[in-house]
Amino acid sequence: MSYVCDIKHNVMIKTEVFDIELQELAKFAKVISNPARLAILKYLAETKTCISGDISDQLPLSRTTVSQHLKELRDMGLIHGEIDGLKINYCLCGSTIEEYLEKFDYFFEPIKSANISCSTESVCL
């Protein structure tokens, strides 16, 4: 087992404990776990086209904060941005989104079909 020391956050990270598929799903889940990022994805989906201009006009966040969230989404491959003069045209990356949805479906299928019953109803609300 190998460990990586993240000096910036002062933690040890176990890199080989989990298989690559679980690591990828966890990274994706972390990226989409932020409501601002979900709002950006939703906005891009609702526009049904690549948009140019400042997405921060559509969200209750500063331009800098939106820019940081766009970077996380781009790094994950969920969106891409093409520079067009002084503006960036942002688009959803449908193939990457579909790929992660399929991975989540594959992951959760055995969990959905496990037919586990809790001993008390209050525990499984």
Side-chain angles (χ1 to χ4, degrees):
M1 183 176 339
S2 71
Y3 295 88
V4 173
C5 182
D6 181 347
I7 296 172
K8 181 179 177 184
H9 298 100
N10 199 26
V11 296
M12 296 293 288
I13 302 169
K14 299 177 185 179
T15 58
E16 296 176 1
V17 175
F18 301 103
D19 63 36
I20 192 72
E21 291 84 13
L22 290 178
Q23 292 177 41
E24 286 180 19
L25 283 177
K27 184 177 176 184
F28 173 71
K30 182 177 179 182
V31 169
I32 65 167
S33 69
N34 188 294
R37 294 183 198 136
L38 291 174
I40 291 169
L41 292 173
K42 183 178 177 184
Y43 176 72
L44 290 173
E46 288 171 350
T47 61
K48 297 183 181 175
T49 184
C50 295
I51 64 159
S52 62
D54 196 354
I55 293 177
S56 63
D57 291 342
Q58 308 302 318
L59 299 170
L61 301 169
S62 72
R63 192 174 286 185
T64 302
T65 302
V66 170
S67 179
Q68 291 169 348
H69 289 301
L70 289 168
K71 180 186 180 321
E72 292 291 327
L73 293 168
R74 272 193 319 266
D75 289 350
M76 194 73 221
L78 300 176
I79 65 170
H80 67 274
E82 294 180 14
I83 298 173
D84 182 19
L86 297 175
K87 295 186 177 190
I88 299 177
N89 296 324
Y90 293 102
C91 296
L92 292 173
C93 295
S95 60
T96 302
I97 292 169
E98 186 63 35
E99 175 186 333
Y100 280 105
L101 290 175
E102 288 174 7
K103 287 180 181 185
F104 260 84
D105 285 345
Y106 181 77
F107 173 79
F108 280 109
E109 188 56 41
I111 295 169
K112 289 190 293 186
S113 63
N115 293 326
I116 297 172
S117 61
C118 297
S119 58
T120 63
E121 288 300 317
S122 63
V123 176
C124 296
L125 295 177

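No experiment lies behind these values; they were computed from the predicted model shown. Just so you know, residue 1 is the first one in the sequence shown, and it goes up from there.
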Distance check, rounded to the nearest 0.5 Å: [X] atom [atom1] versus [Y] atom [atom2]?
X: D19; Y: L22; atom1: CG; atom2: CG; answer: 4.0 Å
X: K42; Y: L92; atom1: NZ; atom2: CG; answer: 13.5 Å
X: L70; Y: I55; atom1: CG; atom2: CD1; answer: 5.0 Å

cation_pi(K103, Y100) dist<6.0 Å, angle<=45: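 Verdict for Y100: a cation-pi partner in K103.
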
Kindly give the heavy-atom pair with the smallest separation between [X] and [Y], and that separation in Å.
X: R74; Y: H80; result: CG-CA, 4.4 Å
X: Y90; Y: G81; result: CD2-CA, 4.1 Å
X: N34; Y: A36; result: OD1-N, 2.8 Å

Main-chain N/O of V31 paired to R37 side chain as donor or acceptor, under 3.5 Å: yes

Heavy-atom donor-acceptor pair, S56 side chain to V66 backbone, under 3.5 Å: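 It does not hold such a pair.
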
Cluster check [X], [Y]: I/L/V/M/F/W/Y, side chain < 4.5 angstrom:
X: L73; Y: I83; result: yes
X: L59; Y: Y43; result: yes
X: I111; Y: F18; result: yes
X: I97; Y: Y106; result: no

Over 12 foreign heavy atoms within 6.0 Å of CD, E99: yes

Residues that K30 engages under salt bridge (Lys or Arg N to Asp or Glu O under 4.0 Å), provided they are two or more places apart: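 With sequence neighbours excluded, K30 shows a salt bridge (Lys or Arg N to Asp or Glu O under 4.0 Å) to no residue whatsoever.
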
Close side-chain approach of L25 to E21, heavy-atom, < 4.5 Å: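 The answer is no, as the side chains (C-beta and beyond) never meet within the 4.5 Å cut-off.
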
pair I32-L78: side-chain heavy atoms closer than 4.5 Å: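 The answer is yes, as the side chains (C-beta and beyond) meet within the 4.5 Å cut-off.
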
Check against side-chain contact (heavy atoms from CB on, under 4.5 Å), L61 and H69: CA-CA 10 Å; L61 301 169; H69 289 301; 4.3 Å; yes

Set of residues satisfying side-chain contact (heavy atoms from CB on, under 4.5 Å) with respect to S113, sequence neighbours excluded: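 By the side-chain contact (heavy atoms from CB on, under 4.5 Å) rule, S113 matches E109.
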
